[in-house]
Amino acid sequence: MVNVRQRQRWFVWACRLGCLVWIGSFLWLTAPAQSGRQRERPDEEKRRTGFELVSEEGGFRVRLPRGFEQPKREDSLTGAVLVFTSTAANETVCQVAVRTFTRQELGQATSDQVMDAARDALLRPYRGAIEQEDRYIVQNCPARAVFFSGTHGDKAVFGRVDFIFASPRLYQLVVVTTFPIELDRDDVQRFFESFTLLNPPLAPLPAGV
């Protein structure tokens with residue numbers, strides 16, 4: 001009975017968070033897949049970055065990697081989901097999404113449960129496999145970095161998604177590509193590191209919340 005109830009709770013959360021995962025609608029990747037990762041060469045221009053995205057409505061700012069211009073904005077009908085998507089010349093996709101929950105939607109869910117459900121919902125369309133998952137903190141808020149691989153059509157894809165849970169908002173930062181070397185670029189790393197809440201909580205959330 002406990003296992004059945006747990007599966008039902010995860011199914012409900014996956015349904016609630018499914019509308020956050022819009023990235024599949026924008027992924028029509030045509031570049032050939034490559035394998036293996038390596039760091040940028042030292043002589044490459046590492047200081048250049050892309051568009052600075054500032055959203056007062058979403059409550060954040062972030063600096064996109066170089067090659068990504070001003071992203072396209074999409075809103076859900078209810079206004080609960082806000083998505084910004086930009087595509088580079090090699091069709092690597094960079095996306096920032098914000099999901100604002102109501103108190104009723106969150107219920108007694110912990111930050112881990114919210115991020116677990118969002119992660120699983122994002123990976124499902126790619127039949128994705130988690131390669132690495134790390135926890136960290138952003139301005140007193142729990143966060144998680146997930147590196148994954150999967151498929152889109154007949155192509156192999158590689159991605160990183162970071163979740164930041166600043167209740168009642170869940171932020172999702174994504175880079176998905178057919179070129180795994182893209183994930184190792186220094187400016188891509190800085191994209192994830194540059195995410196900043198405009199109105200962060202004054203104190204950290206209690207453990208497990």
Side-chain angles (χ1 to χ4, degrees), residues 17 19-34 37-40 44-76 81-99 115 118-119 121-123 125-126 128 130-134 136 138 143-153 155-164 169-198:
L17 289 164
C19 60
L20 180 60
V21 189
W22 289 13
I23 194 170
S25 301
F26 300 96
L27 274 178
W28 298 100
L29 301 176
T30 58
Q34 297 183 352
R37 293 181 178 175
Q38 65 186 57
R39 300 296 296 174
E40 295 185 298
E44 292 185 14
E45 296 182 20
K46 298 179 181 179
R47 294 187 180 275
R48 290 190 305 160
T49 53
F51 183 82
E52 183 180 32
L53 174 60
V54 181
S55 173
E56 296 288 343
E57 182 180 354
F60 72 92
R61 73 168 63 237
V62 69
R63 175 72 69 173
L64 304 186
R66 66 178 180 264
F68 292 93
E69 303 301 329
Q70 182 171 355
K72 177 182 178 182
R73 170 175 170 160
E74 299 282 344
D75 298 77
S76 66
V81 181
L82 181 60
V83 182
F84 299 89
T85 305
S86 182
T87 304
N90 65 0
E91 299 195 11
T92 295
V93 174
C94 180
Q95 187 180 78
V96 181
V98 188
R99 172 70 157 97
M115 289 188 284
R119 176 202 61 200
L122 184 142
L123 293 180
Y126 303 113
I130 298 172
E131 296 184 355
Q132 181 178 331
E133 188 165 4
D134 301 314
Y136 63 103
V138 173
R144 193 181 300 183
V146 180
F147 296 84
F148 66 93
S149 59
T151 57
H152 180 267
K155 298 183 184 299
V157 295
F158 307 86
R160 173 178 171 176
V161 54
D162 281 28
F163 301 102
I164 301 96
R169 286 173 169 166
L170 177 67
Y171 295 90
Q172 176 177 288
L173 286 68
V174 188
V175 173
V176 177
T177 181
T178 57
F179 297 88
I181 191 175
E182 290 292 299
L183 300 179
D184 292 323
R185 282 171 36 184
D186 285 358
D187 59 318
V188 171
Q189 176 67 29
R190 287 194 295 270
F191 159 64
F192 293 101
E193 293 175 349
S194 71
F195 178 83
T196 304
L197 295 168
L198 300 183

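- Using a 4.5 Å cut-off on side-chain heavy atoms (C-beta onward), V175 and L183 make contact.
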Let me see the working for R73 and E57 under salt bridge (charged side-chain N to carboxylate O under 4.0 Å, His left out), right down to the final yes or no.
CA-CA 12 Å; R73 170 175 170 160; E57 182 180 354; 2.5 Å; yes
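- Side-chain contact check for F191 versus V96: some heavy-atom pair is nearer than 4.5 Å.
- We find the CZ-CZ distance between F148 and F158 to be 10.5 Å, quoted to the nearest 0.5 Å.
- Between A156 and T178, the closest heavy-atom pair is O-CG2, 3.6 Å.
- With no hydrogens or angles considered, no side-chain donor-acceptor pair links E74 and T85 at under 3.5 Å.
- The side-chain heavy atoms of Q172 and L170, taken from C-beta on, include no pair separated by under 4.5 Å.
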side-chain contact (heavy atoms from CB on, under 4.5 Å) evaluation trace for R119 with V161
CA-CA 8 Å; R119 176 202 61 200; V161 54; 5.6 Å; no
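- Rounded to the nearest 0.5 Å, atoms OH (Y136) and CD (E193) are 9.0 Å apart.
- Interatomic distance, F195 CZ to D162 CG, rounded to the nearest 0.5 Å: 10.0 Å.
- For the side chain to side chain donor-acceptor pair (under 3.5 Å) with R160, the lone residue among Q189, Q132, E182 that qualifies is Q189.
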One pair to check against side-chain contact (heavy atoms from CB on, under 4.5 Å): F84 and F51. What are the steps and the verdict?
CA-CA 12 Å; F84 299 89; F51 183 82; over 6 Å; no
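- The backbone N or O of G58 sits less than 3.5 Å from a side-chain atom of R169, completing a donor-acceptor pair.
- Nearest heavy atom pair, residue V62 against residue S194, reads CG2-OG, 3.3 Å.
- Between the side chain of R61 and the backbone N or O of S55, no donor-acceptor pair lies under 3.5 Å.
- Of the inter-residue distances, the one linking K72 atom NZ with T87 atom OG1 reads 9.5 Å to the nearest 0.5 angstrom.
- Taking CZ from R185 and OG1 from T177, the interatomic distance works out to 9.0 Å, rounded to the nearest 0.5 Å.
- The closest donor-acceptor contact from the side chain of S86 to the backbone of E69 lies under 3.5 Å.
- Annotation: the span from R66 atom CZ to D187 atom CG amounts to 4.0 Å, rounded to 0.5 Å.
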Walk me through whether Y171 and L197 qualify under side-chain contact (heavy atoms from CB on, under 4.5 Å).
CA-CA 10 Å; Y171 295 90; L197 295 168; 3.4 Å; yes
